[in-house]
Every structure is written in C-alpha cells, then in structure tokens.
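Structure, as structure tokens:
Numbered from 1 within each chain, the chains take letters A, B, ... in sequence-line order. These numbers come from the heavy atoms of this one structure, side chains and all, not from hydrogens, waters or symmetry mates.
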Protein chains: 2
Amino acid sequence: MANRSPTDPGFDPRVAYPAPIQRDIAPYMRPDPRQPEESTMLERHFMKLRARATLTAEHEQAIRGLISETRDHPADKVVVPAYVEQTHSTLLLEGFICRYKDLTNGRRQITQIHVPGDFVDLHSFTLKYLDHDIMTLTPAKVAHFPHEGLRRVTEQFPALTRIYWFNTNLDAAIHREWELSLGRRKARGRVAMLLSELQLRLELVGLADETGFAFPLTQVEISECTGLTNVHVNRTVRELREAGVVELRRGRVDVLDKEALWREAEFDPRYLYLQKRER
Amino acid sequence: MANRSPTDPGFDPRVAYPAPIQRDIAPYMRPDPRQPEESTMLERHFMKLRARATLTAEHEQAIRGLISETRDHPADKVVVPAYVEQTHSTLLLEGFICRYKDLTNGRRQITQIHVPGDFVDLHSFTLKYLDHDIMTLTPAKVAHFPHEGLRRVTEQFPALTRIYWFNTNLDAAIHREWELSLGRRKARGRVAMLLSELQLRLELVGLADETGFAFPLTQVEISECTGLTNVHVNRTVRELREAGVVELRRGRVDVLDKEALWREAEFDPRYLYLQKRER
DNA sequence: CGCCCAATTGAAGACGCTCAAGGCTTGTGG
DNA sequence: CCACAAGCCTTGAGCGTCTTCAATTGGGCG
C-alpha cells in the first residue's frame with residue numbers, strides 16, 4: 001500500500017503518491033483544442049443527465065453559469081476532506097475520484113468510484129459537511145459549483161432541482177448495490193459487479209465500449225472497494241482471467257465475455273436507472 | 001419475541017406491540033386532542049426534521065396537507081415492491097420497516113432499517129421505481145404522500161424541498177456507514193454499530209433512551225443487516241453480552257455500557273448529521 | 001541499471017459459514 | 001391445565017473463504 005499519512009506536516013501528495021500506472025484519460029473523445037475548456041468538458045455531465053432526464057437548453061445554460069472555477073488536481077490527493085464545512089460542490093471533468101471512509105489500523109472502505117461527468121459531492125449542498133473524504137485516484141480536472149448558485153437553482157428551476165435530487169438518489173442506489181456486494185457476494189462476484197457497473201457508467205459518457213475501458217485503479221484500491229485484501233483481489237482477478245471472463249492489466253479492463261461477467265456478478269443494471277424520463 | 005402472525009384475522013398491532021418505552025410523543029407541540037390521528041402521528045417525523053433543520057409552521061402545514069391516506073400493514077409484508085412504478089412515497093408512523101435486496105440462493109441484504117418518523121421511500125419521488133423491496137419487520141402504520149404533492153412542494157417551497165433533499169442524502173450517508181461496516185468491520189463491530197446507530201435514531205423520535213430501546217428484529221434479520229449468518233450473530237451477541245456491553249433479548253436492547261458499545265463499533269455519530277441548521 | 005511500486009505467489013491460520021441437533025418461549029387447542 | 005406445534009434461539013463440529021505474513025517478480029522511470 002502507498003504511503004498513507006496525509007496528516008504529516010509538509011505532506012506533498014504529488015511526491016507521496018506518484019502516478020502508479022500510465023493513465024489514458026480521454027481516449028475516446030477529442031475536444032476542439034481551441035474551445036474554451038469548460039463548455040466541452042461539461043459535455044460528459046450533460047451526457048449523464050440526458051441519459052436519465054429531459055434537460056432543456058435553459059437548464060444547460062443555467063448549469064454553465066454555476067461554475068465558479070475549474071481546477072487540476074494530482075493523483076491521490078484529498079480534494080474534499082471529511083467533516084469540513086463546504087461552500088461549493090465539485091463536478092469531475094476528467095480522471096477518477098473516489099469517496100472513502102477509514103477505520104483504525106488502516107482499514108479503508110471506498111464507498112463509491114466517480115467517473116467523468118459525476119458530481120463527487122453534490123450532497124454537500126444540503127449536508128454542509130461530508131461524512132467521508134473524497135480523493136483523486138488519478139490526476140483529475142474538476143469544476144466548482146458554489147452552493148449559493150445551487151440554492152438559486154432550487155428557487156428558480158424546480159425541474160432542474162429534481163434532476164439533481166435524482167442524481168444524489170442515484171448515488172444512494174449505487175451505495176445500496178455495493179452494500180449488497182459487500183454483505184452477500186463472494187470475492188469474484190464483488191469484483192465482477194464493480195467492473196460491470198463501471199463499464200456501464202463509463203459507456204454513458206463515452207469512455208467505455210463493449211470490449212472494455214481504461215481503468216487505472218491499483219489492486220489495493222480495488223480491494224478497498226470490494227472489502228477484500230489486495231492479495232485476495234489478485235487471486236480473484238486471476239481466476240476471472242483464467243475463466244476467460246475479464247482481463248485486468250496495466251490500467252485497462254478488457255471484457256472478454258460480458259455475459260459471463262454479468263452472470264458472475266449477478267448483475268442487474270436497473271439500479272442505475274438508465275431510462276430517460278421526467279424527474 | 002412479540003407476536004409475528006400478521007395473517008391472523010383481527011390482528012391488532014396496537015395490542016400486539018404495546019408501546020415498549022414510554023413515549024414523549026410531542027415535547028415540542030401539543031396538538032388539539034380532537035384532531036384526527038395523523039396530526040399527532042406526524043409528530044415523530046417533525047421531531048426528526050427539527051433535529052436537523054428549521055421547519056416553519058407553514059412547512060408543517062404543507063406537509064400535513066400532502067397525506068392522501070394512512071394505512072396499517074401486518075409484519076413481514078412487502079409494502080413497496082422493487083421495480084414497480086410508484087406514484088406516492090410512504091412515511092413510517094409506527095413500527096419497523098426495512099429496505100432489502102436479494103440475490104440467488106436466498107442471500108438477502110437489508111440495506112437500511114427505518115424507524116418511526118422516517119420516509120421509507122422518499123427517493124421514489126425522483127427515481128419513479130425502487131431498486132429494492134421495502135418490507136415491514138413489525139406491524140406498521142404508514143402515511144402516503146402522493147408524488148404530485150411533493151412535486152408541488154418543489155415548485156412552491158424551495159426551503160422544504162432542500163430539507164427533504166437533505167433527508168434522502170442522510171439516507172445515503174447511512175448507506176455509506178453500512179458499506180464501511182460490511183466491508184471493514186468484524187462481526188462484533190458490525191452488530192455494535194447497528195445498535196449504536198439505532199439507539200441514536202430512536203432517541204431522536206423519543207423511542208429510546210440511554211438504557212436501551214425496544215428492538216423487535218430476529219437474529220436472522222440482524223444477520224441480514226450485518227452480512228453475517230444468524231448462527232454467527234448469535235455467537236457475536238453472546239460475546240457482547242458476556243463482555244457486559246449490550247444485552248439483546250426478547251425484542252429489547254439493553255445498553256449496559258454505551259461507551260464500550262461505541263468503542264466496539266468505532267462509532268462516530270457525525271454521519272447522522274445531528275445538527276440543526278439551514279439546509 | 002537500480003529504485004520503487006505494483007503485482008504475484010506460497011504457507012499458515014483466523015474468522016465466519018454450513019450442517020445438524022436440541023432447547024426455549026409463546027400461542028393454540030383439547 | 002396440559003400437550004403440542006411453530007418459530008426462534010443456542011450450541012457443537014468440521015470446513016472453506018479470505019487474511020496475514022513473507023518473499024519474489026516485473027515494469028516504468030530517473
């Protein structure tokens with residue numbers, strides 16, 4: 001496991017957490033290099049929203065107007081610390097970010113993986129502080145949405161409010177599916193379900209296809225998602241590879257047999273609410 | 001354990017489940033005794049909301065006006081089936097209700113326990129169908145809130161909308177804490193954390209005190225919350241009893257040493273957001 | 001070309017599961 | 001008032017999944 005002492009004075013995450021794997025951040029989409037960044041980068045966010053709700057041009061315009069700034073973060077850096085008052089929410093534009101909770105003795109549980117287009121802490125708008133840390137898993141680009149602007153949305157755009165409310169409820173649905181995994185699936189099912197979910201979510205924003213996707217998590221991080229040890233994740237991944245189901249190596253997931261993967265995971269995608277409808 | 005025969009004709013939950021603890025139902029408000037039942041039964045809901053947000057008289061009035069009907073359910077009955085279109089949300093007035101997800105071979109994971117005053121499926125307002133079943137654990141009294149009325153709330157009461165949004169985010173925070181339990185706590189920690197959480201949540205609505213609370217779950221159901229088997233729950237409960245931490249028997253939890261219980265659970269109540277503030 | 005992680009493998013052991021049997025409590029009916 | 005049934009709780013024994021501890025290998029980068 002990497003150096004995990006962010007409380008050290010003078011701690012520099014860029015030194016402590018060098019990029020462990022080569023990261024192909026945006027292999028599928030090539031934005032016009034001349035465009036101002038934010039307008040195209042929000043596209044993945046819109047893709048996610050449009051897959052599940054009706055987003056009007058007025059909404060899109062309002063959303064663009066909510067951004068106060070964009071920012072780049074290195075890998076393995078806490079971007080939203082737990083229990084600290086927040087005045088803005090953070091949208092992930094590029095890279096991977098996770099939510100996690102710690103216990104004593106280095107026991108860590110990642111409670112959700114975020115992909116580009118996700119709000120990583122939209123819930124901080126009503127919660128005011130978070131019950132968990134939020135950390136980059138790769139270098140990441142994010143946009144800040146001040147809570148003040150979100151508050152205006154709740155007052156002026158009830159339909160958009162419901163869409164964002166829906167999105168936090170979708171996060172909760174993912175948490176529930178992970179509870180099911182952690183409580184009742186065996187190791188292979190847990191890993192298979194994690195990969196099935198991420199493939200679907202990444203497909204939605206154009207970062208995966210039927211054959212696989214770029215996936216820069218280490219086996220330690222996968223073990224922190226699945227409630228296993230890195231050693232056992234390694235053995236489980238080998239089993240899945242030897243069974244011809246899925247291959248994980250060097251920052252990429254190759255889905256060899258998607259049907260077998262879903263079967264191994266007992267995967268039912270309905271918890272991801274992939275239906276466009278009024279919210 | 002209390003009577004579990006909801007199929008009996010003439011079954012009366014008020015007789016089968018007499019108030020196990022003296023309930024201070026309305027410490028804040030004293031409704032007109034001539035009012036119909038609903039007005040006092042909502043009191044626990046208001047207690048929960050007021051503990052965390054500022055609820056105006058106008059909001060309370062609006063909430064009362066949203067109820068279309070109240071209903072009694074027997075124990076062990078699915079009150080909201082998974083994947084079925086919903087047109088109302090359900091508030092729990094009396095009894096215990098849980099959310100759960102199933103896999104093959106009878107593997108079941110309870111993802112949340114609801115206590116009186118909780119909305120059991122406020123998220124169905126934006127999700128439209130649920131990714132899990134909702135079942136009574138005891139005979140229960142509930143109130144129905146048509147989605148149509150909730151939609152009007154989002155259009156007329158932004159502040160109340162944020163309070164309800166906050167409440168679904170609180171559910172998600174509880175899911176995260178359970179993920180941590182299921183992924184990283186050992187058996188004793190899981191059971192201890194479940195009991196710690198429920199004591200706090202029940203205290204908020206006047207159904208628990210420092211010494212304990214009525215808790216009608218079977219060991220099978222506790223095992224479905226904690227990702228264990230009923231056999232291992234039994235052994236774990238015995239360990240906690242023999243250590244003088246907590247006693248579970250016949251539908252009641254006696255907290256013998258709350259500090260030890262919290263220590264065993266590594267319990268940090270901040271994820272329950274017990275602060276009254278603007279949302 | 002050597003360092004630093006991440007990945008990999010082996011061996012031993014712990015925690016929790018499975019299977020099975022018996023005990024206790026409560027409600028029902030004779 | 002007693003006998004019985006049903007459901008839940010309890011305990012024992014053996015086993016399996018996953019953990020722990022300890023090396024070793026492999027790949028990317030300075």
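Counting non-hydrogen atoms of neighbouring residues, nucleotides and ligands closer than 6.0 angstrom, the CD atom of A:Glu259 reaches no more than 12 such neighbours.
Whole-Å rounding puts the B:Ile222 CD1 to D:dC8 C1' distance at 12 Å. Here C:dG16 presents its P atom at 12 Å from CG of B:Leu182, a figure rounded to the nearest Å. Summarising the geometry, the separation between CZ on A:Arg238 and C1' on C:dG10 is reported as 10 Å, rounded to the nearest angstrom. As rounded to whole Å, 13 Å separates atom C1' of D:dT25 from atom CD of A:Gln219. Between the CZ atom of A:Arg184 and the C1' atom of C:dC17 there is a distance of 11 Å, rounded to whole Å. Spacing between atom CG of B:Asn234 and atom C1' of C:dG23 amounts to 12 Å, rounded to whole angstrom units. Across the protein-nucleic acid pair, B:Asn230 atom CG and C:dT18 atom P stand 10 Å apart, rounded to whole Å. Per the geometry, CZ belonging to B:Arg241 stands 12 Å off C1' belonging to D:dT11, to the nearest Å.
Of the residues in residues 96-112 of chain B, none has a non-hydrogen atom less than 4.0 angstrom from any atom of DNA chain D.
When the C1' atoms of four end pairs are superposed on the next four at each end of the helix from C:dC1-D:dG30 to C:dG30-D:dC1, using five pairs per end, the two resulting axes differ in direction by 30°, to 10°.
Contacts of B:His114 classified as ring pair (Phe, Tyr, Trp, His ring centres under 6.0 Å), with partners at least two apart in sequence or in another chain: none. A search for ring pair (Phe, Tyr, Trp, His ring centres under 6.0 Å) contacts involving A:His132 returns A:His123, not counting sequence neighbours.
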Dump the pairs, protein N or O against N or O of nucleotides 16-18 of chain D, anything under 3.5 Å, distances to one decimal.
{"residue": "D:dC18", "atom": "OP1", "partner": "A:Ala187", "partner atom": "N", "Å": "3.0"}
{"residue": "D:dC18", "atom": "OP2", "partner": "A:His232", "partner atom": "NE2", "Å": "3.0"}
{"residue": "D:dC18", "atom": "O5'", "partner": "A:His232", "partner atom": "NE2", "Å": "3.4"}

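Side-chain contact, A:Glu197 with A:Tyr271: a donor N or O sits under 3.5 Å from an acceptor N or O.
With A:Val79 as reference, A:Thr136 is the one residue of A:Leu92, A:Thr136, A:Asp133 to meet the side-chain contact (heavy atoms from CB on, under 4.5 Å) rule.
A:Arg270 forms a cation-pi arrangement with B:Tyr83, by the criterion of a distance under 6.0 Å to the ring centre and an angle within 45° of the ring axis.
At a threshold of 4.0 angstrom between heavy atoms, the contacts of A:Val237 with the nucleic acid are absent. In this structure, A:Arg249 reaches neither bases nor backbone, as no heavy-atom distance under 4.0 Å exists between it and the strands shown.
Residue-to-nucleotide proximity on DNA chain D shows that, of A:Arg235 and B:Val231, the 5′-proximal contact is made by B:Val231.
For the salt bridge (Lys or Arg N to Asp or Glu O under 4.0 Å) condition, the pairs that include at least one residue of residues 181-193 of chain A, sequence neighbours left out, are A:Glu177-A:Arg185, A:Arg188-A:Glu239, A:Arg188-A:Glu264.
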